[in-house]
Amino acid sequence: MRPFLDKAMPESWKAAELSSVAVRDEAARHGLLPQEAELIKLRASQLNGCAFCLDLHARQSRQSGIPQQKLDLLSAWRESALYSEREAAVLAIAEAVTRMPLSADAESQLEAARTTLGDATFVAAEWVAVTINAFNRISILSEHPVRPRDAEGKVVRGAASTGVRIDG
C-alpha cells in the first residue's frame, strides 16, 4: 500500500484544497451551476475509475438536487434525452478534459459546448474538470478507501472494508 499523498505532504494537500475552493467559487461566479459542476466531477471520476471520488460526488450530486435517474444513466448520457443542452455541454467538457489528448471529435464537441455555455462558463467548466482530474489522481495513487455507508450516506460504524479491489 502506497502512502496517502494528502497525509505524506499535508501542506501540498492544503494548497490543493485551497485551489479547489477557488475554482469552485470562480466557477459559480462565472455561471456554472453547482449541479453542473457535480456532473463534471462525477463523469470524470467514472472515466478515471476513482472509487473514492465516485462515492463522494455521487452523494454530493444527490445533495445538490440532481435526480437519481440522471445519476444512474450518467455513463450513457449521450443515449438519453434526460440531460439539458447545458448538462450535455458540461459532460462533453468533462470527457474531453479527462481523455486527453483532444481528438477532432472532442474539439468539435468542445466548440459546441462553448457556443452553448459562453466563454466564461465554458472556461469555468474546464477548470472544474481539470481540478477533479487532479483529485482523482491523488485518490487513486493514495489508494483512498471507500468506507461503507448507510442509505443516508453516514459511515457505517463497525463495518470493515475488506480492502479487496474489484476491477472491471
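Model, not experiment: these values are computed from the prediction.
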Checklist entry - Is there a chain of hydrophobic side chains (I, L, V, M, F, W, Y, each step under 4.5 Å between heavy atoms) that links L110 to M100? => result yes
Next on the checklist: I'd like to check the side chain to side chain donor-acceptor pair (under 3.5 Å) partners of E85; sequence neighbours left out, ordered by chain and number.
Outcome noted: T116
Checklist entry - Considering residues at least two apart in sequence or located in another chain, which fulfil the side chain to side chain donor-acceptor pair (under 3.5 Å) criterion with T121? => result none
Item to check | Pair listing, ring-ring contact (aromatic ring centres under 6.0 Å, His included) test, anchored in residues 11-43, at least two apart | outcome: W13-F135
Checklist entry - Taking only residues two or more places apart in sequence or in another chain, which ones pass salt bridge (charged side-chain N to carboxylate O under 4.0 Å, His left out) with E107? => result none
Checklist entry - Apart from L82 itself, what residues make up its hydrophobic cluster, given side-chain heavy atom links below 4.5 Å? => result L39, L42, L54, I66, L71, L73, L74, W77, Y83, L91
Next on the checklist: Quick check: do V97 and I40 have side-chain heavy atoms less than 4.5 Å from each other?
Outcome noted: no
Checklist entry - For Q69, which residues count as a side chain to side chain donor-acceptor pair (under 3.5 Å) partner, sequence neighbours excluded? => result none
Item to check | Smallest separation among heavy atoms of L102 and A96, with atom names | outcome: CD2-O, 3.6 Å
Checklist entry - Do you know which two heavy atoms are closest between E38 and S64, and how far apart they sit? => result CG-OG, 4.2 Å
Next on the checklist: Between R2 and L141 (side chain of the first, backbone of the second, donor and acceptor by atom type, cut-off under 3.5 Å), is there such a pair?
Outcome noted: yes
Item to check | Nearest-0.5 Å distance that lies between atom SG in C53 and atom CD1 in I140 | outcome: 7.5 Å
Next on the checklist: Run the salt bridge (charged side-chain N to carboxylate O under 4.0 Å, His left out) test against E26 and tell me which residues pass, sequence neighbours left out.
Outcome noted: R29
Checklist outcome for this item: Taken to the nearest 0.5 Å, the spacing of E36 CD from E87 CD works out to 7.0 Å
Item to check | Which atom of S142 lies closest to which atom of D6, heavy atoms considered | outcome: OG-OD1, 4.3 Å
Checklist entry - In Å, rounded to the nearest 0.5 Å, how long is the span from NZ of K41 to CD of Q60? => result 6.0 Å
Checklist entry - Under the salt bridge (charged side-chain N to carboxylate O under 4.0 Å, His left out) test, which residues partner R114, sequence neighbours left out? => result E111, D119
Next on the checklist: Taking ring-ring contact (aromatic ring centres under 6.0 Å, His included) as the cut-off, I'd like each qualifying pair that reaches into residues 50-76, sequence neighbours left out, listed once.
Outcome noted: F52-H144
Item to check | side chain to side chain donor-acceptor pair (under 3.5 Å) against Q46, all qualifying residues, sequence neighbours excluded | outcome: R43
Item to check | With D25 via salt bridge (charged side-chain N to carboxylate O under 4.0 Å, His left out) - residues at least two apart | outcome: none
Tell me which donor-acceptor pairs under 3.5 Å the side chains of residues 122-133 have, and how far apart each pair is, sequence neighbours excluded?
from	atom 1	to	atom 2	distance (Å)
T131	OG1	W127	O	2.8
N133	OD1	N48	ND2	2.8
N133	OD1	T98	OG1	3.4
N133	OD1	R137	NH1	3.1
N133	ND2	T98	OG1	3.0
N133	ND2	A129	O	2.7

Item to check | R78 side chain near E95 side chain, heavy-atom distance below 4.5 Å | outcome: yes
